[in-house]
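A note on names: the letters A, B, ... follow the listed sequences, proteins ahead of strands, and every chain is numbered from 1.
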Protein chains: 2
Amino acid sequence: MSYTYDYPHPAVTADICIFSIREGRLHVLLIQRLIAPYQGSWAIPGGFIKMDEDLVTGAARELEEETGVSGMPLEQLGAYGRPDRDPRERVITVAFMALVPSDTMILAASTDASDARWFDMDDLPALAFDHDTILADARARLADKVTNRVTETALAAFQFLPQKFTLAQAQAVFETLKGEPLDKRNFRKWIAANWDLEDLKEKTSGGRHRPAALYALKA
Amino acid sequence: MSYTYDYPHPAVTADICIFSIREGRLHVLLIQRLIAPYQGSWAIPGGFIKMDEDLVTGAARELEEETGVSGMPLEQLGAYGRPDRDPRERVITVAFMALVPSDTMILAASTDASDARWFDMDDLPALAFDHDTILADARARLADKVTNRVTETALAAFQFLPQKFTLAQAQAVFETLKGEPLDKRNFRKWIAANWDLEDLKEKTSGGRHRPAALYALKA
DNA sequence: TCAAAAGTGTTCGTTATACACCCATGT
DNA sequence: ACATGGGTGTATAACGAACACTTTTGA
């Protein structure tokens, strides 16, 4: 089957930057391309938008197909359409980003990928297409959103914490997402002012040092 | 000539929200559609991206073709791609916005339009497609950008002022762009702090009341 | 007793907002 | 003289950034 038009049409894809924290470091989910172009290169997961689905729906579908994750709020970054960004044909992509917990994800390489892996954002391989640009934009947006206001993205940060967590653990998560160290006292003021934390009146134990108070995010 | 693909491709357009100030009120440039769908309806100018041009280049080209304006910085708003937004076929559009002086523009209806006209933003006709949504997003973005920081968008605001202007004239322009009244003293503090104004040591004359000091934006 | 992490307040600069009266001119 | 728009300063609140020492525990 083929599809014919009176004038040329670009292909349109959705690419999704999936961020997570693994072992205290910001990671991004990449797939290894099975087919040309950039065969064998690593790339942001994504794929072609279907004709009957919305952009964000298509992005969510690709995300679920390639990673098993669903239900995450996807934020649109914008459209990327340099004419030479794909050597095969004109491909315009709409980029999205999401912040997800990595432990609940089942990594399953899709038909277009030979592998799917988490990469440390500070140790990235060469990326296919213009995915380095997209990923850099997404990284900047993530840092912006996470600590400035109370957004869904910031809420997702708590998924990297156990139900009972110490303020030091929370600070480490937000520092990883923001990409820079935060002042301890200012962070504690910020989290107390912006989030509804419950003081569990418990302390950590078994640590080598002074026990820390445990908190939980109130539902 | 026709173009054939192995799987369906959407069409991709760029739509540009062109804002201007006319007679003290915020206007947007719309075209009247010559062809179906929405024949006779008003719409944001825009058109199909060519296969060999970048998105912003295509938007600028459409802008110049339909309005004669060029050299304006276009800001991408994002992609809009609801499957049913165009009844003909799947059309995904990338929206841009610009703020331009309307006096230098030559309105020339293009091949796709029977007319091109400025509309008061408070007196809009029904719009084709999802252009009401796009335009509302653009309006919000414009208000955000204009007074918060010193951006290219804010710089464009001075194009609505004569070279020698009074602070009251400047305030009227920014109020129009922001969509709400501004405090006179706070506005004067803001403009003095954020822009390099030259006090021309001249006064208006011929007015019916107290003359006002004239300023110019230093290059 | 020491090493290591937990915990805790204040100051300062910037920014946004609110608000009321006198001044200079033309008619 | 008066109507009209021009011009001016201060006080408050909120926010972000900087900064150092004491406390508690396990080893």
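For C/dA5, the base has no donor-acceptor partner in the side chain of A/Arg210 [N/O atoms by modelled type, under 3.5 angstrom]. In the interface, the side chain of B/Lys203 is not paired with the base of C/dT25 through any donor and acceptor atom under 3.5 Å apart.
Salt-bridge formation is detected for the pair A/Asp130/A/Arg85: a Lys NZ or Arg NE/NH1/NH2 atom is positioned less than 4.0 Å from an Asp or Glu carboxylate oxygen. With respect to the salt-bridge test (charged N to carboxylate O, under 4.0 angstrom), the residues B/Asp84 and B/Arg82 qualify. Remark: B/Arg141 engages B/Glu75 in a salt bridge, criterion side-chain N to carboxylate O under 4.0 Å.
Whole-Å rounding puts the A/Lys189 NZ to C/dT11 P distance at 12 Å. Taking atom CG of A/Leu182 as the reference point, atom C1' of D/dA18 lies 14 Å away to the nearest angstrom. As rounded to whole Å, 17 Å separates atom P of D/dG6 from atom CD of B/Glu202. The interatomic distance linking A/Arg208 (CZ) with C/dA3 (C1') rounds to 11 Å, in whole Å. Look at NE2 on A/His209: it is 11 Å from P on D/dG26, rounded to the nearest Å. In this structure, CZ of A/Phe187 is placed 17 Å from P of D/dC15, rounded to the nearest angstrom. Put simply, NZ on B/Lys184 is 13 Å from C1' on D/dG9, counting in whole angstrom units. The distance from atom CG of B/Asp183 to atom P of D/dT8 is 14 Å, rounded to the nearest whole Å.
Taking 4.0 angstrom as the limit, A/Arg188 places a side-chain polar atom (N or O) nearer than this to OP1 or OP2 of C/dG7.
Note: A/Thr57 OG1 to A/Lys50 NZ = 11.5 Å, rounded to the nearest 0.5 Å.
Nearer to the 5' terminus of DNA chain D, by closest-nucleotide assignment, is the contact made by B/Ala168 (compared with the other of B/Ala168 and A/Asn186). Comparing B/Trp190 and A/Thr166 along DNA chain C, the residue whose closest nucleotide (by nearest heavy atom) sits nearer the 5' end is A/Thr166.
The side chain of A/Pro211 approaches D/dT24 more closely than any other nucleotide in the set C/dA20, D/dG7, D/dT24.
In this structure, A/Arg33 is not positioned above the aromatic face of A/Trp42 in the sense of NZ or CZ being under 6.0 Å from the six-membered ring centre and within 45° of the axis.
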